[in-house]
*Asks:* 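I'd like to ask some things about the structure below.
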Amino acid sequence: MKNFTEGKFDVVVIGAGHAGCESALACARLGLNTAMLTLNLDSIAFMACNPSIGGTAKGHLVREIDALGGEMGVNADKTALQIRMLNEGKGEAVQSLRCQCDKNAYHREMKKTLENTRNLHIMQGECEKVLVKSGKVYGVKTTYGGVLEAKAVILATGVYLNAETVTGAHRQKSGPSGFAPATKLTKNLIKLGFCVRRFKTGTPARLDGRTINYEKCTQQHGEDGVPPFSFLHEKQPKNARECFITYTNPNTHEIILNNLDRSPLYNGDITSAGPRYCPSIETKVVRFSDKERHQIFLEPEGADTNEIYVQGLSSSMPHDVQKEMYRSVEGLENCEFMRYAYAIEYDCIDTLDVYPTLEFKKVKGLYTAGQINGTSGYEEAAAQGLIAGINAAFKIMKKPPFILGRDEAYIGVLIDDLVTKGTEEPYRMMTSRAEYAIALRQDTADFRLTPKIENTALFTDERREKFKKRADCNARILEILNSRADYATSQSFAKEYCVTGNMQGVTYADLIRRGAKVTDICGYFGILENEPKDVIKTAETTLKYEGYLSKSRAQIERAKKLEEKKLPEDIDYSKIGGLRLEAREKLERVRPVTLGQAGRISGVNPADVTVLMVYLAMAKNTKTEL
């Protein structure tokens, strides 16, 4: 086939899922001539699994994406059907927003945003080859022979690389929901030096909501009074639809156990690694055999469809088993299937071959983001897409790399885990992965991260105005809360609300630290009457956890000393005496950028880090003497 020049661009993004969308928007908004190549324009921002955004730790990622000028939070607010705050009974550090979105509206709104973004050209086609010369990318070639020249390429291929769907004994070359897979690119990636693995994920059936008996289920309402995802929005989305909860039962479990020989997960048809924290119902029944029931969520796919997503019943069982299994669940006795559940296997890469900027170590200008990096979830993908896009743009613009630390953002934790530890299964973000979780609350994402984009085109006039308003408001509220309360009123307040301690010279902040609620304080003392409730809540939490935050800052400062010690790019670990063999192998494999990153590599212990510190000191002294 004759090749021809399709176009010349600064950046080409391969894929238009959640990672691809954020990458393309970031590059285009930063002023670069950007092309986005996707297998099918109808799959842009497609929600192949649950049409929900956020959740535990994932909500943190979405608000961080928004604080850095990304689009996911904005689009989620526009298309939300129901929104809630998870973990409200727990500490503020683990509370996360989650919304059920309209699947089709989410796709349409994101596609509209992309189409109306300056500097962005959207194309339908399949990438066959990443073009590389002298270790540097210079474009991509499509299966039709079209060449898109570029200074940087971002691979955001999702689960489409050599994708195969599996249901019982039936295996089909297909991407999610019947979309075509990408069958040409993997071979090229292997030639470029990528270590390619095979991962698996899955999705449950979609049922006709008219055939569900909701009276047998527990209604799950949306929540009023919670903030939106985007800091650009001041009002939460309306709760337009209800969700419902039901449960499996011993009969359901018996049906599954009696048909395990027909399950691809247990008869050997599927051997690839699946997600540990979002397992199939077969896996849950086998792994947690002591449980008599498992929770099932019935969630709407959209405002314009009767399709109901059955969260918790992901499966790769044959269709006849699925029908029997689903109909054994209370409320689903007469359910009709609109789409059956399936598993999907796909190619992804080993992220130990990727820098913290998400640039491939063996090819300059080639970046990877999303599920090609072995992650699961829309939010993890979008976060990587945004960072890959910013770094690709910054490299072309000759700006320093954009890397977030583990102490700065959940995005920093996510990427550091991927490039330092790697993953042997689809990676999912969790609050427990963040050692500084108390400092990374979702409500402070803009205060932590928005200043980092202040001198870029991502910091729009609208964002500047909203950020200044919130920052000024937060400072004003903190100043008032740190001021002294009236002594006589404080005494009566303490008596009524059972607050202990001397009230002489007490501040409102002191009362909060002694256990009083800010809402009670405001009502009793008549303060902060016209201030936004979400910012008041943020100030209250900051004051309440001030002691913990102070300790956390001290830990962060100690850790930063190691992060500031850069390791030479050409360091030869085999020649450093005192390093254990395993440490040498792991250090050579990962090629850490800093001493801090080296210390987080599995198989590198504190003694090895000490050896590296001595080596760096000796190298510095030798250089100084020369």
Side-chain angles (χ1 to χ4, degrees), residues 54-64 66-67 73 83-98 223-231 233-234 236 407-410 413 430-432 434-451 466-467 469-483 485 493 497 499 501 506-525 527-556:
T56 305
K58 292 169 176 282
H60 291 71
L61 289 174
V62 179
R63 298 208 95 194
E64 290 178 354
D66 184 76
I83 189 164
R84 295 184 297 121
M85 184 73 76
L86 303 188
N87 297 329
E88 285 195 295
K90 300 179 181 179
E92 282 83 351
V94 297
Q95 293 178 9
S96 298
L97 281 171
R98 181 189 185 274
E223 187 179 352
D224 293 325
V226 298
F229 273 113
S230 177
F231 292 102
H233 301 155
E234 295 183 0
Q236 77 163 86
D407 60 303
E408 294 177 305
Y410 271 86
V413 176
M430 297 181 292
T431 53
S432 60
E435 56 268 51
Y436 307 117
I438 193 67
L440 303 181
R441 303 194 319 268
Q442 61 166 0
D443 59 313
T444 62
D446 57 336
F447 298 147
R448 288 183 279 115
L449 300 177
T450 299
K466 299 286 187 180
F467 177 71
K469 182 179 178 181
R470 250 180 68 88
D472 290 348
C473 181
N474 185 61
R476 185 170 61 249
I477 291 170
L478 284 172
E479 184 179 2
I480 292 171
L481 291 177
N482 278 309
S483 64
F493 176 85
Y497 288 94
V499 178
V506 75
T507 65
Y508 302 113
D510 291 329
L511 296 175
I512 290 172
R513 284 188 282 266
R514 294 182 192 182
K517 294 181 179 179
V518 74
T519 50
D520 294 333
I521 293 171
C522 291
Y524 203 89
F525 290 89
I527 61 171
L528 307 178
E529 292 179 350
N530 299 314
E531 300 292 359
K533 291 180 180 179
D534 63 316
V535 187
I536 293 174
K537 178 68 174 174
T538 293
E540 177 190 28
T541 305
T542 299
L543 293 169
K544 186 164 61 175
Y545 291 107
E546 200 168 46
Y548 295 104
L549 288 167
S550 179
K551 290 180 181 178
S552 184
R553 282 191 290 269
Q555 292 174 339
I556 289 168

*Asks:* According to the interplanar angle, ranging from 0 to 90°, do the rings of Phe493 and Phe525 count as parallel (below 30°), tilted (30 to 60°) or perpendicular (above 60°)?
*Replies:*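 Because their plane-to-plane angle lies in the 30° to 60° range, the rings of Phe493 and Phe525 count as tilted.
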*Asks:* Applying side-chain hydrogen bond (donor to acceptor under 3.5 Å, both in side chains), can you list everything that pairs with Ser552, at least two apart in sequence or on another chain?
*Replies:*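 By the side-chain hydrogen bond (donor to acceptor under 3.5 Å, both in side chains) rule, Ser552 matches no residue at all.
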*Asks:* Given 3.5 Å as the limit, does a donor-acceptor pair link the side chain of Gln236 with the main chain of Ile83, or not?
*Replies:*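 Absent.
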*Asks:* With rounding to the nearest 0.5 Å, note down the distance linking CZ in Arg448 to CG in Asp443.
*Replies:*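 Taking CZ in Arg448 and CG in Asp443, the distance rounds to 8.5 Å.
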*Asks:* Provide the closest heavy-atom pair for Leu97 versus Phe229 in the form atom of the first, atom of the second, distance.
*Replies:*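 Result for this residue pair: CB-CE2, 3.5 Å.
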*Asks:* Report the residues that fulfil salt bridge (charged side-chain N to carboxylate O under 4.0 Å, His left out) with Glu435, sequence neighbours left out, ordered by chain and then residue number.
*Replies:*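 Listed in chain order: Arg406.
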*Asks:* Let me check something: any side-chain donor-acceptor pairs from residues 539-547 under 3.5 Å, sequence neighbours excluded? List them with distances.
*Replies:*
residue : atom : partner : partner atom : Å
Glu540  : OE2  : Val518  : N            : 3.0
Thr541  : OG1  : Lys537  : O            : 2.9
Thr542  : OG1  : Arg441  : NH2          : 3.3
Thr542  : OG1  : Thr538  : O            : 2.9
Lys544  : NZ   : Glu92   : OE2          : 3.1
Tyr545  : OH   : Glu92   : OE1          : 3.0
Glu546  : OE1  : Arg513  : NH1          : 2.7

*Asks:* Might you point out which heavy atoms bring His233 and Pro228 nearest each other, and give the distance in Å?
*Replies:* O-CG, 3.2 Å
*Asks:* So, the side chain of Ser96 versus the backbone of Ala57: is there a donor-acceptor pair under 3.5 Å, distance only?
*Replies:* yes
*Asks:* Cut-off 3.5 Å, side chains only: do Asn482 and Thr507 have a donor facing an acceptor?
*Replies:* no
*Asks:* Testing Lys466, Lys469, Arg470 one by one against Phe231 for a side-chain contact (heavy atoms from CB on, under 4.5 Å), which residue passes?
*Replies:* Arg470
*Asks:* Between Asp534 and Pro227, is there a donor-acceptor pair closer than 3.5 Å when you use the side chain of the first and the backbone of the second?
*Replies:*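 No: the side chain of Asp534 does not pair with the backbone of Pro227.
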